[in-house]
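Since the structure comes first, as structure tokens, the remarks are kept for the end.
Quick caveat, the model's predicted, so the values are computed rather than measured.
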Amino acid sequence: MTGMKQPLLTLLAAAAISAPSALATPDTAMHQNPFLTAYSTPYEIPPFGDITYADYMPALRQGIADRKAEIDAIVNNPATPTFDNTILALDNSGALLSKVMNVFAALEESNSSDEMIAIAEEAYPLYSQAGDEISMNDALFARIKYVYDHRDELCTATDQLRLVEEYYKQFTRNGALLDPAGKEELKKINTELAELYIKFNKNLLAATNAFQLVVDDPAQLAGLPTSSIGQAADEARARGLGEGKWVFTLHAPCRLPLLQYADSRELRQKIYEGYTTQAQSGEYNNLPIINKILQARSKKARLLGFKDYGSYMTDNVMAKTVDNAEELLMKIWRPAVKRVNEEVAEMQAIVDAEGGNFKIAPWDYYYYAEKVRQKKYDLDENEVRQYFAVDNVRRGIFTMAERLYGVKFTEMPDAPKYYPEVTVYDVTDAATGEHIAVFMTDYFTRASKRQGAWMSEFKGSWVNADGSASRPIIFNVGNFTRPTADTPALLTIDEVETMFHEFGHGLHGMLSRARYKGQAGTNVDRDFVELPSQIHEHWALEPELLREYAHHYLTGEVIPDALIAKLQASSTHNQGFATAELAGASLLDLQFGKLNTDQDIDIAAFEADVAKALGMPSELTFRYRPAYFKHVFGSDGYASGYYTYLWAEVLDADGFELFKEKGIFDPATARLFKENVLEKGGSEDPMKLYVNFRGSEPNVDALLRNRGLEPETSINTAPRSGK
């Protein structure tokens, strides 16, 4: 997941970021608010150690005031509107506001605290309201419309033309064409949604952290990796439970190994049900909040002239309509379900052979899928993990970037950090030494960090009026398995692919050469933003790169060819499950987007009806159930847009086939991808950029081939753009 293109001045919640190491109320009147002066740090890295809780709201209010003054200057300019005095001036406005909110969103997502939650409850609605004041400014929109109406004569380059069109679309989508009463109504809805997203996220974090599965019988730990047992013992001690007890939480590095390896079916069921029922009842119940979100979104869509929120959210991206997104998903869903049935049959055969006397249930899937993998491919993921220490994998992503794009990563040990475990790098051109970006990594789970993995920025990139470039500060956040006292963090295959995925987003931000802030890096169509992240996952298990970075954490031995061969042979193992889980959640999201309701609905019944209509196998559930579907209900970032992971996978699978054909480190192919995708950002139409790289439009069959699924038909099934 990444921070991505947002409507003008909407919440940064989808662009989840991270948190500083020490925050306190300033002790003396000598304290200066760091946001209100130029940073004196290397490359303008935020001085995290100097920032206090008390700094945020004054800086936010000042940022809002500064941006208002900048907008007033645009509006009151007596000169005829031009690209420079209106569109570019608007694109460059709000520097202080971005400076504050980038850091605050980082803190609020990666190192939450009672103080940060309290600030968020005031800051986000204020931020949303400030955005509404600008997006509904009649005089500003009049100038934008003038440039838009005369864009062919006023714009001298493709990126200028696209920026004008994007701003015009943003303003109309944010209420610029509404009458005064409609604008006031939209402001109320946006404020309400901002507050509801805060409540949803607050509940989810609290519900996640409230759960603990305590084990006091070591016999129940049978089958679990030593690292998982050690992590659970550390968690028990941290919670004051002492020795002889083990605590398992809902965080993925704890939950997934238990589901995959624990011989105790009872234990697997408890962690599975704890996860799939979180935030659905009691003190942290998110279902009433979801109903309010659905109703507010329905009102917003109708107000803006759309039949439902899904239509509103897909109108301005590649898919164009919910139907186009749904059509693509069903081409993936049906082959995935067919494979699920085959996978379940293989697992059930093992259960029956062992005298299990039960039918495969959802909490059995990971466990018996692992048994099937070991039986079919003689592959034990615990053995593989010995070669995937987190520092080795980090070396792998850096090696990939240097060989493909000629960039080098040098650690900056004395650079400011927002948390002690963060590592900071100076990213330079390997040939010339030119500074390209700052990159930070924050990989391990903690209670104050929300679940998942993501990329975002403390500072974007752009080109100044004098032609000089302002370079970005990008970071990756994960929730990977923590090291124990005697073992480094050893990553699962899924965690390795996640690190490569988020690093791909990072490269999109770091290598951007787009001229304008609103088009740089990940400021692209939502269903294009996952292409750079997902295509780089392919390198993770490629033999040529594995031999460079996958070394045994104890012996330093390079991963053996025999083990690489097993990884290659098993690469499509369990892809029915993985694909159906993802496609199912994407289809559920779209069904929520098609609602147009002013009344509460039974969320659980709605979810069950969608599952029934899809023919969801009983051994599965949705990847995310509504109460913890943060992508969809924690912000509007991926609402009616969770499908974008699969939409973009059509592009990445098709694109990587070119690398496989030419060579995975072929310089010419890498240059095409860098120049047409990574550097361009949102400065041109995304399908045009893809075709410039690949030479043709993509076909969904490439995705199915990559996942080892059988296409339903041989006809061309490229994603329909709706154009």
Side-chain angles (χ1 to χ4, degrees), residues 3 6-17 19 35 53-68 71 93-94 96-109 112-137 170-171 173-176 178 180-206 284 286 288-301 303-304 309 312-313 450 456 630 632-639:
Q6 299 291 303
L8 182 67
L9 265 181
T10 54
L11 291 182
L12 286 173
I17 324 178
F35 294 117
Y53 289 126
D55 291 326
Y56 288 103
M57 291 310 301
L60 173 62
R61 292 190 179 94
Q62 185 62 54
I64 290 171
D66 286 1
R67 175 147 189 170
K68 184 179 184 303
I71 298 303
S93 67
L96 174 58
L97 191 56
S98 295
K99 183 178 179 182
V100 178
M101 290 304 292
N102 282 348
V103 174
F104 176 73
L107 288 160
E108 199 268 330
E109 289 288 337
S112 186
S113 64
D114 291 343
E115 291 87 350
M116 289 304 297
I117 290 170
I119 295 169
E121 289 173 348
E122 183 179 5
Y124 282 131
L126 187 64
Y127 182 66
S128 176
Q129 291 160 12
D132 286 341
E133 292 296 330
I134 292 172
S135 62
M136 299 180 202
N137 184 316
Q170 282 189 32
F171 271 73
R173 287 174 55 80
N174 284 280
L178 295 176
K183 289 178 180 178
E184 288 305 311
E185 177 66 15
L186 184 57
K187 290 177 185 178
K188 291 177 183 177
I189 294 171
N190 286 341
T191 298
E192 179 186 5
L193 283 169
E195 293 170 346
L196 289 169
Y197 296 149
I198 292 168
K199 291 176 182 177
F200 181 96
N201 294 323
K202 181 179 178 180
N203 276 353
L204 179 54
L205 182 62
Y284 307 123
N286 265 337
I289 296 171
I290 291 172
N291 261 308
K292 292 179 181 178
I293 289 172
L294 292 172
Q295 291 163 33
R297 286 176 173 174
S298 295
K299 291 178 187 176
K300 181 171 181 174
L303 191 60
L304 292 169
Y309 197 71
Y312 169 72
M313 290 300 285
R450 74 165 174 86
S456 199
K630 182 180 173 69
V632 174
F633 297 116
S635 72
D636 60 6
Y638 281 77

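- Residues Glu121 and Lys202 form a side-chain contact, since some pair of their non-hydrogen atoms from C-beta on lies under 4.5 Å apart.
- Here the closest non-hydrogen pair linking Glu185 and Leu303 is CG-CD2, 3.9 Å.
- Contact between Pro58 and Ala54 at its shortest, heavy atoms only, is CD-O, 3.2 Å.
- Side-chain atoms of Ile293 and Val632, non-hydrogen and from C-beta on, never get closer than 4.5 Å to each other.
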**Report entry** Worked check of salt bridge (charged side-chain N to carboxylate O under 4.0 Å, His left out) between Glu122 and Arg61
**Finding:** CA-CA 11 Å; Glu122 183 179 5; Arg61 292 190 179 94; 2.5 Å; yes
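- Side-chain atoms of Met136 and Asn174, non-hydrogen and from C-beta on, never get closer than 4.5 Å to each other.
- Taking every heavy atom of both residues into account, Gly175 and Leu186 meet most closely at CA-CD2, 3.7 Å.
- Between Leu97 atom CG and Asn102 atom CG the span is 9.5 Å, to the nearest 0.5 Å.
- Here Ile71 contributes atom CD1 and Asn137 contributes atom CG; the two are 7.5 Å apart, rounded to the nearest 0.5 Å.
- With sequence neighbours left out, the side-chain hydrogen bond (donor to acceptor under 3.5 Å, both in side chains) criterion links Glu115 to Ser113.
- Other residues, nucleotides and ligands contribute over 12 non-hydrogen atoms within 6.0 Å of the NZ atom of Lys187.
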Requested in this report: Decide side-chain contact (heavy atoms from CB on, under 4.5 Å) for Asp636 and Leu193; before the verdict, give the C-alpha distance in whole Å, the side-chain angles of both, and the deciding distance to 0.1 Å.
Outcome: CA-CA 9 Å; Asp636 60 6; Leu193 283 169; over 6 Å; no
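- The pair Glu133-Arg67 does not count as a salt bridge, with every side-chain nitrogen at least 4.0 angstrom from each carboxylate oxygen.
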Report task. Could you check Lys99 against Leu96 for side-chain contact (heavy atoms from CB on, under 4.5 Å), going step by step and ending with a plain yes or no? Result -> CA-CA 5 Å; Lys99 183 178 179 182; Leu96 174 58; 4.3 Å; yes
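- Counting only heavy atoms from C-beta outward, the side chains of Arg450 and Asn201 never approach each other to under 4.5 Å.
- To the nearest 0.5 Å, the span separating CD1 on Ile64 from CE on Met101 amounts to 8.5 Å.
- In this structure the side chain of Leu126 reaches within 4.5 angstrom of the side chain of Leu60, judged on heavy atoms.
- With hydrogens and angles disregarded, no donor-acceptor distance shorter than 3.5 Å links the side chain of Ser128 to the backbone of Tyr124.
- Once rounded to the nearest 0.5 Å, the distance linking CD of Glu192 with NZ of Lys300 reads 11.5 Å.
- Listed by chain and number, the residues in a side-chain hydrogen bond (donor to acceptor under 3.5 Å, both in side chains) with Lys299 amount to none (sequence neighbours excluded).
- Residues Gln62 and Asp66 have side chains that bring a donor and an acceptor to within less than 3.5 angstrom of each other.
- At a threshold of 4.5 Å between non-hydrogen side-chain atoms, the residues Ile198 and Ile117 do not count as touching.
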Requested in this report: For the pair Phe35 and Val103, evaluate side-chain contact (heavy atoms from CB on, under 4.5 Å) and give the outcome as yes or no after the intermediate values.
Outcome: CA-CA 10 Å; Phe35 294 117; Val103 174; 3.9 Å; yes
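- Minimum interatomic distance between Pro125 and Ala120 (heavy atoms only, all atoms of both residues): CD-O, 3.7 Å.
- Side-chain contact between Phe171 and Ile134: present, with at least one pair of heavy atoms (C-beta onward) separated by less than 4.5 Å.
- Counting all heavy atoms, side chain and backbone alike, Leu178 lies closest to Gly182 at CD1-O, 3.6 Å.
- Phe633 places none of its side-chain heavy atoms less than 4.5 Å from the side chain of Leu196.
- Aromatic rings from Tyr309 and Tyr312 are positioned such that their centres are separated by under 6.0 Å.
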